[in-house]
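See structure below.
All values below come from the heavy atoms of this structure, side chains included, with hydrogens, waters and symmetry mates left out. We count residues from 1, following the sequence as given.
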Amino acid sequence: MFELLKTDSQTRARLGRLTTAHGVVDTPVFMPVGTQASVKALDPRELLEMGTQIILGNTYHLNLRPGLGIIRAAGGLHQFMHWNLPILTDSGGFQVFSLAKIRKIKPHGVEFRSHIDGSLCFLGPKEAMEIQRTLGSDIAMVFDECPPHDAPAKEQRLAVERTIRWARECREQPRADGQKVFGIVQGGSNAALREECAKALVEMDFDGYAIGGVSVGEPEPEMLKAIELTEPHLPATKARYAMGLGTPAQMLELVARGVDMFDCVLPTRVARNGTAFTRHGAFGLKGGAYKADFRPIDEDCDCFACRHFTRAYLRHLLNVNEILGLRMVSVHNSHLFLKIMADARAHLAAGTFAGFYRGFIANYTPSAKVLAQRKAVTER
């Protein structure tokens, strides 16, 4: 499934190729998030024009709405949403543990209340794999337990034990034709737990491996640590996926640490609040400073929004709640995330990735929150 084409001589970055039932994916890759069978504010044509290779769907949400009966009748998720390229589906484990306020963990899954109507639901390895089989995704994720980043050591230990046991159950379930399955490594920032979980999953010989339990509210240094503790225990011959990450700079930091695949809701989520990403950091377009700013969002960007609209116009649209405003910022942000990964692939192929990566990080200003987290670590 995964072919390692080249490794960077100065970092752990990798150039690869992932072959799925619905096409080939070049890595490193950013995967736009289509939780409920749609990438928010974007249509398939726009995604294709940006160079999107693969998108995400979500087991938990799609099982609740529209339900498997509708998707089965439509002929699967690809047909239902008219997307003919690869799809990866999350197993729903993160949503069960983050959205369900009332839940009971049982040996073979979790009983919980729907966040929509409070109805009683159950999701475990068997159910998660059955749903993903019906969805017909190219890559299915195992059902895991994702505890909070600050969970006590005992809770982290139990989560790893369940994750390993549930992964084994997922491994035994039938799959859709051509469907691949990735294991998910948990363990927080505990080196021993990360190693234990990774080695147990590698023994099961999954088609790829995700690093879970990151981007769950932990400070950036802790997130990087979790990746660094996990990556050495994953096989070089399989794809590596950091779940739920991150900003442009964070993605490149993780590419340099040997990660191949990323997904994140940030490009469209923050766009709805008027925040635009650039290669130098993010900024809010709604501010008065942009009222008469007739430059594009990013003068170095060739996305549709930057080629046709000014900051002043987009600011106006956002402030009067015109849908076109949030759509165009979503277009820009998504295009940027995809382009940065395309640039990373080009530099890896040319042998110039290290310089590209260091230059990007040096010129990128993180958010005030991230800067405060870094400062707290250095002052310890």
Check your understanding: So, Tyr357 versus Asp8: side-chain donor-acceptor pair below 3.5 Å or not?
Key -> no

Practice item. Tell me, please, which residues at least two apart from Leu120 pass side-chain contact (heavy atoms from CB on, under 4.5 Å). Key: Glu111, Arg113

Check your understanding: Do we see a donor-acceptor contact under 3.5 Å between the side chains of Asn190 and Gln156?
Key -> no

Revision key, fill the gap. Excluding Val216, membership of its hydrophobic cluster (Ile, Leu, Val, Met, Phe, Trp, Tyr; side-chain heavy atoms within less than 4.5 Å) reads Phe94

Review point. Taking atom CZ of Arg374 as the centre, does the number of heavy atoms from other residues, nucleotides or ligands within less than 6.0 Å exceed 12?
Key: yes

Practice item. Determine whether more than 12 heavy atoms belonging to other residues, nucleotides or ligands lie under 6.0 Å from atom NZ of Lys6. Key: yes

Review point. Under 4.0 Å between a Lys/Arg side-chain N and an Asp/Glu carboxylate O for Glu49 and Arg45?
Key: yes

**Study point:** Qualifying residue for side chain to side chain donor-acceptor pair (under 3.5 Å) with Glu220, from Lys369, Gln250, Gln373
**Key:** Gln250

**Study point:** Tyr60 vs Phe112, ring pair (Phe, Tyr, Trp, His ring centres under 6.0 Å): CA-CA, chis, key distance, verdict
**Key:** CA-CA 11 Å; Tyr60 172 94; Phe112 62 97; 5.6 Å; yes

Exercise for review: Starting from the C-alpha separation in whole Å, work towards a yes-or-no answer on side chain to side chain contact (heavy atoms under 4.5 Å, CB included) for Leu348 and Arg14.
Suggested key: CA-CA 7 Å; Leu348 279 164; Arg14 297 137 50 93; 5.9 Å; no

Review point. Is there a donor-acceptor contact under 3.5 Å linking the side chains of Gln132 and Thr89?
Key: yes

**Study point:** Over 12 non-hydrogen atoms of neighbours within 6.0 angstrom of CG in Asp117
**Key:** yes

Revision key, fill the gap. Which of His335, Lys339, Arg307 passes side chain to side chain donor-acceptor pair (under 3.5 Å) with Asp302? Answer is His335

Study note, to complete from the structure: Residue pairs passing the side-chain hydrogen bond (donor to acceptor under 3.5 Å, both in side chains) test with at least one member in residues 207-216, sequence neighbours excluded, are Arg175-Asp207

Check your understanding: Does one side chain, of Asn58 or Gln95, offer a donor that lies under 3.5 Å from an acceptor on the other?
Key -> yes

Practice item. Could you walk me through whether His347 and Phe356 pass ring pair (Phe, Tyr, Trp, His ring centres under 6.0 Å), step by step? Key: CA-CA 7 Å; His347 282 285; Phe356 164 69; 4.4 Å; yes

**Study point:** Check: Phe30 ring centroid to Phe337 ring centroid under 6.0 Å
**Key:** yes

Practice item. Kindly say whether Gly124 contributes a backbone atom to a donor-acceptor pair with the side chain of Glu127 at under 3.5 angstrom? Key: yes

Review point. Just checking, any donor-acceptor pair under 3.5 angstrom between side chains of Asn363 and His280?
Key: no

Check your understanding: Do the side-chain N and O atoms of Gln10 and Arg358 include a donor-acceptor pair separated by under 3.5 angstrom?
Key -> yes

